[in-house]
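Have a look at the structure below before the remarks.
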Amino acid sequence: MRLGGTMPSLRGYVPLIPPVTILMMFFALPMGMMIGLSFQDGDTGSFSLTSYERFFTDDLALDGFFRTIVMSGLVAVCVTVMSYPIAYFLARSTSRWRAVVFALAIAPELAGVVLRTYGWLIILEDQGFVNDLVIQLGLIDRPLPLSHNMFGVVVGLTHVLLPFGILSLLTNIQGIDPNLEKSAQILGASRLSVLRHIILPLSVPGIVSSLLIAFTLAASAYATPALLGGIKFSVLATMIYQQVLFYINWPYAAVMANVLLVIVLAIAFTGARLESRLNSKLHVR
Amino acid sequence: MSAAEIADIELVGVTKSYGGNVVVVDNVSLTVPRGEFVSILGPSGCGKTTTLNMIAGFHEPSSGEIRIRGRNQVGVPPEKRNIGLVFQNYALFPHMTVQENVAFGPKMKGQSKSETEEAVRSALKSVRLEGYESRYPKELSGGQQQRTALARAIAPRPSVLLLDEPLSNLDLKLREAMRIELKEVQQQLGMTFVYVTHDQEEAMSMSDRVVVMSDGVVAQEGRPSEIYQNPVSAFVADFIGKSNLLPVKQARDHDGRLTLTLGGGLSLVSERSGDIPANDITLCCIRPENVQLARKGASGENLLTGRVDKLVNLGAHAELWVDVSKDCLLKVQVPVRRLQGIEIGSHVDLLIESAAIQPLAH
Amino acid sequence: MSKLLSVGYWVFFSFILLFIALPMVVVLAASVSPTSHVTFEFWTWTLEWFGKLWTSKWLDPFILSAKIAAIVAVISGVLATLGAYAVAYEKCPGHDAIMSFLLSPLAVPQIVKGVAIVLFLSSAGLFRYLGTPGLIAGHIILTVPFAVRMIATSMYNFDKNLDRAARILGASWWQRIRYVLLPLIKPGIFSGMTFAFIISFNNVPLSLFLVRPGQSTLPITVINYFEYSLDPILAAVNVASLLFILAVIFLFERIGGFTVQIHGGSK
Ligand SMILES: Nc1ncnc2c1ncn2[C@@H]1O[C@H](COP(=O)(O)OP(=O)(O)OP(=O)(O)O)[C@@H](O)[C@H]1O
Ligand SMILES: [Mg+2]
């Protein structure tokens, strides 16, 4: 509250000094340095694109790059498909199970990624829970390859990211007027056609945001691919880690980090635009 | 100057504009003597809250001067002005009990514990809210919240209390009861009240003086009865109570008596030549209760005949819309017992006292 | 048709709930199973694995993680409250842009932030600060945006008339902060701090780069261990740390009261 010049307006910025300084020092500055480093020649320190050239001609790196995209895409779809029924239930139900389902949907967030990954390892590995069960039932005689591959990683990441999908769909579906569904039903629409013609079209913005958030978070995940994917499963995140801690090739690590950053930012940016376009078109909210 | 003559609040040519061109309050001057109950009355958006906020110190005027107890308030922040304010939504502190809410002011002013307790006790007594000390605002009814807000505002004993539509969130019954209580509290404490409202009944029933505002300017100022009986403009006449506003084609002055020629060949005589030159008169105002049913065959001036177009029975009295000429529908208020034989379509004779016809310039 | 659809919906629904619950249930069972073979024969269950946690091998990382998380929670609570005050409460000129800046770390993947911080520390000659100081700095970058968002929400929801009411009653700037603003946004601050604590305590991607031998956090210690074996003691560690998190949430809720609305009833 500034009063006719009795208080210099700069005073309003004083509380910002500590948080902005910290973010500048430990976020903005390091990010700038890292981006700068990726354009430096490893030996001379002069400007060069050699690290990028190397990345885009390195088969192993490209392999990891495309695996990142495929993995994130699969996870995004699984998360969204599995989040939808839960989010719809949470948005519409008034039953006392609602609180239980909500707690169950969000609680895994508290447990942390390590516990959940560990759980999936116990379930999916060769002598794990599932394989034990099917072998005992005599369905097969050799264990199914459920972990240390793409399948295991997608399962694990889907589990980790479900709460994000559920929350973004929930916000969207809660914004859809329930009377729309009722009036469609009164007009004679079956449950299926209400879903197809009313709810799904109106929840497109929520679906988009769930896909995007799951994609970007999957692309940046480290622990799940590293632990459930096994040694040979390399994605950008695991390659970055190896470059920093084993090969100590920092310019190359910076390049990979930048590639990941560009993917994530590009998706977040187009996603945000798409979402606001969809939202304004549908007049949701 | 004796104590009673010191004005508690003076506004001198106060103007508030936003962004240099949007003028929200325009050259308002106002003097509120100590102990008076003054209402600022006006339609929504006319600048009442803005005026109040300038007195409270939340906004600085763009120009003009505000004096409280004779001292210029430029640059004095609200916390130093020693005035009370009751908010429209009460703004009770939700995390404090009634006791803590009311004690807040005395505590901030650095009063001792016993002084604070005494102030709280007497404030709660004034608003008749003893026994609710340990409740939270959420646990109170609308009327009790309103009383708490009032108690909180008077507890530090400000010399002036500002109230911004404090009753507008209450239902009609409670609102009417609270009017009486507010007035009692004001008289008992001898505090100066500046009361903002858009409800003319509220303003008329409580105030010593009413300031009617319209579009940021003061339209009229005076005692309630004065404003009701002698509105200075069509706006005031229309805003305060019910009125017939009839266009005047021509006005002629005969030694203090005015002959007003209306449309449709009607002409009326008014005894209130007032200050308006005859040439400037464009309208006249007639209150519906000042139009009487005349006996059949009566004669004299200001006698009109017409056909009843609409009839609304309001219980104690009824409202008639009478077609007195081609383009003139006169609203008339009559006691219900006089309604015998009158129905829609009946012809009636009407009589208007010449003293009840108020000529207006605009 | 509609019947089939509805049955299909509920089957799928139950499958998802099972999917969500399964790994947690399995870890719980593993932590009390007598051998590395997970069993649901509860009469054989034992707490011996939990007993084995009482060695410095597990206690040291646990204490370090808890210490870092507590420091991170407090610092990011303070920083975020200051930031949110200027941006969301006082709405200083340019507040939208400043808010975007305060939230910007959220847009960057953690592993990228991790690389950036390590490169920064090394080129600034601060490599000796790996371990506790580096972990604290890194985690703060991660948690401040979340805390800012939560605290800013409660500041946006704050009724400015309350501040005016306090002001006209004679309260100074500091008194209004102390007696009106802070008590009312306390739930927001505490939920931000709780969030910061959990994020820091569970963090893997940033900590990976910032730990150093002898100063490793609990999740990193666990990960390094289970790249070699799936000892049930890991299940016990995970369950214990989950219980610890729940206890912390309970404690913070007790102090901050962030799940209840302001005093619905008794005090
Ligand atoms: N910050 C501002 N910038 C521009 N115009 C404003 C600002 N604040 C208020 N106004 C305008 O000033 C005018 C008067 O506002 P004010 O709140 O004083 O009205 P009011 O008489 O209290 O109305 P109500 O009875 O609805 O409360 C309104 O037209 C409003 O739109
Ligand atoms: Mg107003």
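In what follows, chains are A, B, ... by sequence order, proteins preceding strands, each numbered from 1.
Only the side chain of Val204(C) comes within less than 4.5 Å of a heavy atom of chain A; its backbone N, CA, C and O stay farther away. For Ser104(C), the parts sitting under 4.5 Å from any heavy atom of chain A are the backbone and the side chain alike. In this structure, the portion of Leu162(A) lying under 4.5 Å from any heavy atom of chain C is its side chain and not its backbone. Of the two parts of Val14(A), neither the backbone nor the side chain holds a non-hydrogen atom closer than 4.5 Å to a non-hydrogen atom of chain C. Within the 4.5 angstrom heavy-atom criterion, no atom of Val100(A) approaches chain C. Using a 4.5 Å cut-off between heavy atoms, Val114(A) touches chain C through backbone and side chain atoms alike. With a 4.5 angstrom heavy-atom cutoff, Ile98(C) touches chain A only via side-chain atoms. Both the backbone and the side chain of Leu17(C) come within less than 4.5 Å of a heavy atom of chain A. Contacts of Ile22(A) with chain C are made by both backbone and side-chain atoms, with heavy-atom separations under 4.5 Å. Using a 4.5 Å cut-off between heavy atoms, Leu245(A) contacts chain C through its side chain alone, with no backbone atom that close. Using a 4.5 Å cut-off between heavy atoms, Phe15(C) contacts chain A through its side chain alone, with no backbone atom that close. Contact annotation for Asn258(A): neither backbone nor side-chain heavy atoms come within less than 4.5 Å of a heavy atom of chain C. For Ala111(A), the parts sitting under 4.5 Å from any heavy atom of chain C are the backbone and the side chain alike. Only the side chain of Glu125(A) comes within less than 4.5 Å of a heavy atom of chain C; its backbone N, CA, C and O stay farther away. If you measure heavy-atom distances from Met33(A) to chain C, the contacts under 4.5 Å come from the side chain alone. Only the side chain of Leu242(C) comes within less than 4.5 Å of a heavy atom of chain A; its backbone N, CA, C and O stay farther away.
In this structure Pro163(A) satisfies the side chain to side chain contact (heavy atoms under 4.5 Å, CB included) test together with Ile106(A), Glu109(A), sequence neighbours excluded. Applying the side chain to side chain contact (heavy atoms under 4.5 Å, CB included) rule to Met239(A) yields the partners Ser234(A), Leu236(A), Met256(A); only residues at least two apart in sequence or on another chain are considered.
Heavy-atom pairs under 4.5 Å with chain A were tallied for Pro105(C), Ala107(C), Pro145(C); the largest tally goes to Pro105(C). Contacts with chain A were tallied for Pro205(C), Ala124(C), Ala137(C); Ala137(C) has the most, counting heavy-atom pairs under 4.5 Å. Most heavy-atom pairs under 4.5 Å with chain C: of the set Leu265(A), Leu195(A), Leu110(A), this distinction falls to Leu110(A). Highest contact tally toward chain A, considering only Phe19(C), Phe201(C), Phe12(C), is held by Phe19(C) [criterion: heavy-atom pairs under 4.5 Å]. Residue with the most contacts toward chain A among Asn203(C), Val239(C), Leu234(C), Val237(C): Leu234(C) (heavy-atom pairs, distance under 4.5 Å). Of the residues considered (Gly94(C), Ala235(C), Ser123(C)), Ala235(C) shows the highest number of contacts with chain A, using heavy-atom pairs under 4.5 Å.
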Pair up each side-chain donor or acceptor in residues 79-87 of chain C with any protein partner under 3.5 Å, not counting sequence neighbours, and list the distances.
residue  : atom : partner   : partner atom : Å
Thr81(C) : OG1  : Gly77(C)  : O            : 2.5
Tyr85(C) : OH   : Glu90(C)  : OE2          : 2.7
Tyr85(C) : OH   : Trp173(C) : NE1          : 2.9

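At a heavy-atom cut-off of under 4.5 Å, chain C is reached by Ile86(A), Tyr88(A), Phe89(A) from residues 86-93 of chain A, listed in order of number.
Separation of the Tyr118(A) and Tyr225(C) ring centroids does not fall under the 6.0 Å cut-off.
Between the side chains of His159(A) and Thr117(A), not a single donor N or O lies within less than 3.5 Å of an accepting N or O.
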